[in-house]
Amino acid sequence: MTERKVRVRFAPSPTGALHIGGVRTALYNYLFAKKHGGDFILRIEDTDQGRFVPGAEQYIIESLKWVGIEPNEGVGFGEGIYAPYKQSERKAMYKQYVDQLLNDGYAYYAFDTAEELDAMRERLKASNVDSKYDAITRTTMINSLTLPEDETKRRLENGDAYVVRIKLPRKEEVKFHDEIRGWVHVNTSTMDDKVLYKSDGMPTYHMANIVDDYSMQITHVIRGEEWLPSAPLHVLLYRYLGWESIMPKFAHLPLLLKPDGNGKLSKRDGDKLGFPVFPLEWKDPNTGEVSSGYKQSGYLPEAVINLLAFLGWNPGTHQELFTLPELVEAFTLDRVSKHGAKFDQNKAKWYNQQYIRKVDNKILVEELQKQLEFYNIKAVEKYIEKVCALVKEKISFVKELWDYSNYFFVEPSVYDETVIKKRWNEKSPLVLNDLIELLIGTTNFTHANIETAYNHALDRNEVTSKDFLQMFRVCLTGVAGGPPIFEMAELFGKESTINRLENAKKRIK
Ligand code: GLU
């Protein structure tokens, strides 16, 4: 058999905002497709119309665009020869396969009402038996296996509501190989006769998913762990439909866990701990509730891609920073973990910080200019540019520029109390006096000359730099941490530096 071209799909249901776990699934599919020169498809699985949420489909498309992993085929990305890519628009395609299963005895009609199903469940619960519609219970229910043939026919002709269920063998081992988990064995005695199709003409998720993967020539199904329990049913459907020889390979990705590892990462965790779980801001059309997104929180798409790649996968080396093409190169399914991946908010921030360092200074300058405008502060562009270059290393988010750089534009009037308590003593004003005097005499105001003056002032007063350096910083900026201090003073310039020291001398007691 000739090798089939790799074709993978991301198949979300438009039931709300896309969770970052979903973005990670899309990413792994993308990486796998690109690595193998294959196709990456976006299919919208909207057979469950009751759970449809307006705007969700567009949100999914926008999210994939923002992180830069665009499908080369599918809803919103150019319809290829397998169109349409939205299941509600493919409705007519499923019936023939449902009929095939019915004709071949792998499926049957069931007419039970909701009340009858409830009664069955109650009955079984009372006798402590698993309450599922299966090879045993179906013999006591109203379906084409228990009704006389002409009665089934009559009901169908009469237009009675029905569902089609898969007819599972009572006890049979289903075995399949998962690319991440290895061999998976499940006995049909633990499964139920899932509904495949309803009389309103709509297939259920399972039926549509299998038919679409088959007809779209999907070679690998890479999806979240929550779909692992459905996989044995899918394997049987491939077999019963006669498609087993071209069944896609399965790879079930590990769960994204809460930071403490206790269960699946949810929106509530993000709200509680202060980080987004959605790529973009999302306004719930039902409740009006707005949830923040990575984009709006100041994350760069490159950072989001990089951090998501590492939630469940690692390259097997110490390298942590990867561009998208580098990820494509390095990604393999056998390095995807079987175990849940804990979301780490600090690591997420760290990734963003790394990518901020790579951002073109021009972009930072524009952003800081906006922030300065907000405070009505005017400054020369060259100066702003130098400030950005100095604080770039310190910030995790572009929006923090002002927080880290305000003292470059406004001389401080309050000073860090902790440092003062620890470091200010009777010698401090004397050092400052000498330093001011030496700086006044410094003609070439470079960081090297400032440092020389500083060391002289310390020597004259027999004070060590360890005892005074942080105080010096607080006198200049008001705060305890920041960029290299002599470079910073050079940037403030002679006049402002001396002014800051004079003020500090007067104000600090
Ligand atoms: N529609 C399913 C979802 O919402 C797709 C599962 C699969 O990829 O088979 O995730």
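Note that ligands are numbered from 1 as they come in the structure, with each ligand's atoms numbered from 1 the same way.
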Nearest-neighbour protein heavy atom for [atom], which is reported as residue plus atom name and distance:
{"atom": "atom 10 (O) of ligand 1", "result": "Trp227 NE1, 3.3 Å"}
{"atom": "atom 1 (N) of ligand 1", "result": "Glu45 OE1, 2.7 Å"}
{"atom": "atom 6 (C) of ligand 1", "result": "Tyr205 OH, 3.3 Å"}

May I ask you to decide if Arg223's main-chain N or O and Thr25's side chain share a donor-acceptor pair within less than 3.5 Å? no
For the backbone of Lys132 and the side chain of Asp130, can you confirm whether one donor and one acceptor N or O come within less than 3.5 Å of each other? no
Asn209 touching ligand 1 at heavy-atom level, < 4.0 angstrom: yes
Looking at ligand 1, is there an atom of it that comes within less than 4.0 Å of some heavy atom belonging to Arg9? yes
Nearest to atom 9 (O) of ligand 1 by heavy atom, His206, His252, Arg223, Glu226: which? Arg223
Which residue from Gly224, Ala231, Pro14, Ala11 reaches closest to atom 5 (C) of ligand 1 through any of its heavy atoms? Ala11
Are any of the side-chain heavy atoms of Thr47 and Thr204 separated by less than 4.5 Å? no
Side-chain heavy atoms of Phe111 within contact of Leu156, under 4.5 Å: yes
Quick look: Phe10 vs ligand 1, heavy-atom contacts under 4.0 Å, and the answer is neither
Give the ring-plane orientation class for Tyr205 versus Trp227, where under 30° counts as parallel, over 60° as perpendicular and anything between as tilted. tilted
If a pair satisfies salt bridge (charged side-chain N to carboxylate O under 4.0 Å, His left out) and one of its residues is in residues 18-45, list it, with sequence neighbours excluded. Lys5-Asp39, Arg7-Asp39, Arg43-Glu45, Arg43-Asp212, Arg43-Asp213
